[in-house]
Each structure stands twice: as structure tokens, then as C-alpha cells.
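In what follows, a structure is listed as C-alpha cells, so that the remarks can point back to it.
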Amino acid sequence: MASRSHRKPPPENSNAGYHSKRRIPYQLKPSALWSHTKRRRFNSNSQTVTPDTNNPSRSNRFEPFRSSSKSRRKKRDEKSIRSSIIEDCSSRRWAFSSTDCSNYKDKVVVVSYNILGVDNASKHMDLYPNVPRSFLDWDRRKGLILEEIDNYSAGILCFQEVDHFNDLDYLFQNNGFKGVYKARTGEALDGCAVFWKDNLFTLLDQEDIEFQRFGLRNNVAQLCVLEVKDDELESDACALTKVTSSTKKRRFVIGNIHVLFNPNRGDIKLGQVRLLLDKAYKLSQKWGSIPVIIAGDLNSVPQSPIYEFLASSKLDIQLHNRRNISGQLDIQSNSRVFRSQIGDEARHSEELVPVKVLETMPIDILKRTRGLPTEKWGSDHLALVCEFAFVNNGNVS
């Protein structure tokens with residue numbers, strides 16, 4: 001296994017800035033996830049609790065008739081609503097592929113999660129006016145994140161805004177994960193981290209990208225080549241099926257990126273994404289044209305040219321405002337089409353198919369939380385979760 005390398009984040013009391021990052025309450029920042037992992041079914045048995053509005057007398061059954069009763073009822077109703085919100089938040093449901101994947105044996109779950117940097121939160125408390133200070137406490141949040149991840153039975157984790165990697169490394173090692181970390185360049189204290197289940201995968205290769213070296217700001221990205229372990233036995237219904245010596249080694253590239261936030265620098269964003277895809281493609285070719293999984297916080301909306309580029313590997317730059325999405329690095333001035341080195345034939349890895357994804361929560365429920373993090377959720381983002389299946393080499397049972 002390749003040696004693990006990471007740079008310990010600077011102390012929390014550093015004066016390093018987080019100048020360009022700004023969060024908008026209740027607005028989910030779309031991230032990207034093309035992924036796959038070890039499976040265990042996640043069953044949600046939560047039940048929504050709501051006040052009984054049809055029987056007002058029931059709520060006053062044990063309430064004395066005096067002036068303070070209204071105030072106490074209000075507090076009790078608020079507590080009931082809060083409980084309802086918490087239950088609603090735990091009811092994210094799986095959306096399944098229209099393709100029948102029941103015969104696919106080897107499946108894997110990947111999580112992409114911006115976990116909210118501790119330094120970022122502490123320097124921008126004004127962005128969380130309705131969030132109790134205790135909900136922003138890192139010691140509390142890291143436990144919630146670990147508990148949430150455990151519910152997904154994930155095999156691969158891609159985290160962004162990591163500035164306490166040693167804490168996460170300790171927690172997830174106890175849960176059977178190994179990880180690598182890459183800190184951002186410049187003054188920012190956070191970075192990206194990739195974890196994998198040690199009993200399922202072996203790290204074969206690793207490459208970190210410092211975008212500053214290409215004139216693309218201080219963001220970073222990670223690329224890891226993972227291999228399914230041959231000696232992995234199906235110890236339970238959710239384990240990866242054993243790969244016999246007669247089949248091709250199951251290997252894939254996992255990429256993790258936190259794209260620049262600045263909404264007015266689409267050129268930088270596109271340049272970062274292009275560079276990541278090009279390097280992921282080269283790494284894939286190096287290891288025998290293996291599948292590529294890209295995860296991360298793209299700081300772009302799903303309808304943006306950034307996503308168009310990810311989906312098609314090309315983008316006509318003259319159709320878009322250069323300030324919003326210009327990033328045509330190393331392109332000939334007389335060329336209209338901005339292309340990655342990835343050809344059209346390599347647009348979605350054919351050896352992997354999506355089985356199911358975890359749906360987000362309805363906007364009205366998110367608004368009722370009055371902001372993230374909450375009593376249940378440890379970040380101001382929602383985790384993206386996807387299960388993928390290997391489809392080649394006689395994978396169908």
C-alpha cells in the first residue's frame with residue numbers, strides 16, 4: 001500500500017483568512033458525485049411527530065387555567081415542532097435507478113461531504129444567526145458526522161473543508177477507515193480528505209493537485225487509485241463479493257475536489273475542473289483504463305456550464321459569459337470548443353453504474369430548521385451519497 005501522507009493543519013488560532021467564502025442560508029451548494037462502495041442497507045424507520053391541532057383540549061388536558069399556561073403551551077408546541085423537524089431531517093430516502101441492478105453482485109457506496117471547516121465557521125458567525133452556538137462546536141459536530149456516516153455503510157468518503165484531519169483520522173480509523181489529506185495552499189486552513197474501508201480496498205497510487213501551480217488559486221484536489229482486496233469475503237449481505245484470481249482486478253480512480261467559491265470567476269472554476277479531469281484520465285490510463293469516480297464541492301449549480309462540461313467533456317465557450325464561465329486554459333484562440341483530454345467515448349465509466357442515490361430534504365423542511373448545522377446534522381451542507389455497481393467481468397450472478 002502506498003504510504004500515507006498528509007500535512008497537519010495549522011493551529012486553530014491562526015489569523016489566516018477565509019475572505020471569499022460566503023454561505024447563503026438555506027441555499028444548498030450543489031456538489032458532484034460519480035461514485036461506488038461497500039453496501040449495507042440503510043433503513044429509515046423514523047416517524048414524523050406533529051402537534052394535534054384537531055383536538056385543542058387534549059394539549060391542555062394537564063394544564064392549569066392561569067395566565068402562564070399560554071406561554072407554556074407555546075414552549076411545548078415549539079418543542080414538538082423541533083422534534084418534528086429532527087425526525088423529518090432523518091427521513092432522507094433512497095432514489096433507485098430505473099435499470100434493474102438486482103443481479104449486480106459487487107456494489108460500493110461513496111459519500112461526498114463538505115463538513116464545514118472549524119476555522120471557516122468561527123470567522124463567519126454572522127452567517128449562522130439562527131444557529132445555536134453549541135451546534136457549531138467541533139467536538140459535537142464531529143461525533144454527529146461520524147454517526148451519520150455510519151448509517152450509510154459507506155466504503156469511500158470524500159470530505160471537503162477539512163481543517164482537523166487528525167481528529168477525523170482518529171475517529172474513522174476506529175471505524176476501519178484509512179485516509180489521506182491535502183491542505184490548501186495559501187492562508188486558508190482547510191483542505192480535502194479521502195477515506196476508504198481498509199478491509200475492502202488497497203491504496204495503489206495517489207496524486208495531489210495544487211491549483212496554484214497552474215495559476216488557478218489556492219484550491220486543491222486529490223486523486224487516489226484503489227483496488228478491491230482479493231481476500232475480502234462476503235461476511236454479511238452487504239459486503240463486496242470476493243474477486244477470484246481468474247477475474248480482472250477491480251481498480252478505479254477516486255477524485256476529490258473543492259472548487260473555488262467566487263461566483264464571478266467561472267473561468268477559474270472551469271480551469272480547476274478541467275485540470276482534475278485531465279489528470280484523472282491520465283491516471284486511469286496508467287492503470288489500464290480503469291473507471292473514474294469524481295466527488296467534491298463544485299460550488300456550481302446543476303444547470304451550469306461546469307456540469308455540462310463534466311457530463312459531455314466539451315463546452316462551447318462562446319455561448320457563455322467569460323466572467324461566469326470562461327476558463328479556456330491552453331485553448332487555441334481560433335478554436336470554438338473547449339475540450340478535456342477525455343474523449344467522448346469516456347464520458348461515464350461503463351464499468352460502473354449507479355444503483356441508488358440518497359435524496360435531499362425538501363426546501364420547506366430545510367427552511368424550518370432555521371439553518372444548518374442542527375441538533376442532528378453536523379455541517380451546513382448535506383452529504384451526497386451514491387451506491388454504484390461493477391458491471392464487467394461476469395459480475396452478474
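Gln160 CD to Arg184 CZ: the interatomic distance, rounded to the nearest 0.5 Å, is 12.0 Å. Rounding to the nearest 0.5 angstrom, the gap separating the CD1 atom in Ile115 from the CG atom in Asp297 is 12.0 Å. Atom-to-atom distance recorded for Asp150:CG and Ile145:CD1 is 13.5 Å, nearest 0.5 angstrom. Between atom OG of residue Ser97 and atom NZ of residue Lys356 there is a gap of 12.0 Å, rounded to the nearest 0.5 Å. Distance check: Lys279 NZ to Asp208 CG gives 11.0 Å after rounding to the nearest 0.5 Å. Distance SG/Cys386 to CG/Leu352: 9.5 Å, rounded to 0.5 Å.
Between Cys192 and Phe159, every side-chain heavy-atom pair lies at or beyond the 4.5 Å cut-off. In this structure, Ser304 and Lys269 have side chains that are not in contact, with every pair of non-hydrogen atoms separated by 4.5 Å or more. Considering only heavy atoms from C-beta on, Trp94 comes within 4.5 Å of Val385 through its side chain. Using a 4.5 Å cut-off on side-chain heavy atoms (C-beta onward), Val292 and Ile254 make no contact. For the pair Gln272/Arg217, a side-chain contact is recorded, criterion being any heavy-atom separation below 4.5 Å from C-beta on. A 4.5 Å side-chain heavy-atom check between Asp106 and Val228 finds every atom pair outside the cut-off. Inter-residue side-chain proximity for Asn219 and Leu260 is flagged as met; some heavy-atom pair is nearer than 4.5 Å. Asp190 is not listed as a side-chain neighbour of Asp119, based on a closest heavy-atom distance of 4.5 Å or more.
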### Query
Where do Phe211 and Ile268 land on the side chain to side chain contact (heavy atoms under 4.5 Å, CB included) test, with the steps shown first?
CA-CA 10 Å; Phe211 292 111; Ile268 300 295; over 6 Å; no
### side chain to side chain contact (heavy atoms under 4.5 Å, CB included) between Ile209 and Leu275, intermediate numbers included
CA-CA 9 Å; Ile209 304 174; Leu275 186 60; 4.0 Å; yes
### Query
Going through the checks in order, is the salt bridge (Lys or Arg N to Asp or Glu O under 4.0 Å) test met by Glu359 and Arg92?
CA-CA 6 Å; Glu359 292 183 338; Arg92 295 179 66 184; over 6 Å; no
### Chi angles and distances behind the side chain to side chain contact (heavy atoms under 4.5 Å, CB included) call for Val111, Cys158
CA-CA 6 Å; Val111 173; Cys158 296; over 6 Å; no
#### Entry: Derivation and outcome, side chain to side chain contact (heavy atoms under 4.5 Å, CB included), residues Tyr104 and Val391
CA-CA 7 Å; Tyr104 294 140; Val391 299; 3.6 Å; yes
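The hydrophobic cluster containing Val118 also contains Ile149, counting ILVMFWY residues as joined when their side-chain heavy atoms lie under 4.5 angstrom apart, directly or transitively. In the hydrophobic cluster analysis, where Ile, Leu, Val, Met, Phe, Trp and Tyr join through side-chain heavy atoms closer than 4.5 angstrom, Ile294 is grouped together with Leu270. Leu144 is not connected to Leu372 by any chain of hydrophobic side-chain contacts under 4.5 Å among Ile, Leu, Val, Met, Phe, Trp and Tyr, and they are in different clusters. Transitive grouping of hydrophobic side chains (ILVMFWY, heavy atoms separated by less than 4.5 Å) brings Val162 and Leu171 into a common cluster. In the hydrophobic clustering of this structure, Val273 groups with Val253; members are Ile, Leu, Val, Met, Phe, Trp, Tyr whose side-chain heavy atoms approach within less than 4.5 Å, directly or through other members.
Here the options are Gln222, Glu210, His258, Glu207, the test is side chain to side chain donor-acceptor pair (under 3.5 Å), and the partner is Lys182; only Glu210 passes.
Nearest approach of Ala121 to Met125, heavy atoms of both residues: O-SD, 3.3 Å. Minimum interatomic distance between Leu116 and Pro373 (heavy atoms only, all atoms of both residues): CD2-CG, 4.0 Å. Closest approach of Ala154 to Leu157, counting heavy atoms only: CB-CD2, 3.6 Å. Considering all non-hydrogen atoms of both residues, Ala383 and Glu148 come closest at CB-OE2, 3.6 Å. Residues Arg141 and Gly378 come closest through the heavy atom pair NH1-O, 2.8 Å. In this structure, Ala389 and Lys107 approach most closely via the heavy-atom pair CB-CG, 3.8 Å.
Distance alone, capped at 3.5 Å, is enough to place a donor-acceptor pair between the Lys197 side chain and the Asn175 backbone. Between the side chain of Ser284 and the backbone N or O of Ile290, at least one donor-acceptor pair lies under 3.5 Å. Asn199 contributes no side-chain N or O that, together with a main-chain N or O of Gly176, makes up a donor-acceptor pair within less than 3.5 Å. Proximity of a side-chain donor or acceptor of Ser379 to a complementary backbone N or O of Asn114 within less than 3.5 Å is detected.
Checked against a 6.0 Å centroid threshold, the rings of Phe165 and Phe195 count as neighbours.
Residues Asp205 and Lys286 are paired through a salt bridge, judged by an N-O separation under 4.0 Å between the basic side chain and the carboxylate. Taking 4.0 Å as the cut-off between side-chain N and carboxylate O, Asp278 and Arg274 count as a salt-bridged pair.
By the ring pair (Phe, Tyr, Trp, His ring centres under 6.0 Å) test, Phe177 pairs with Phe172, sequence neighbours left out.
Between Phe252 and Phe201, the ring planes are perpendicular. Angles over 60° get that label, and only those under 30° would be called parallel.
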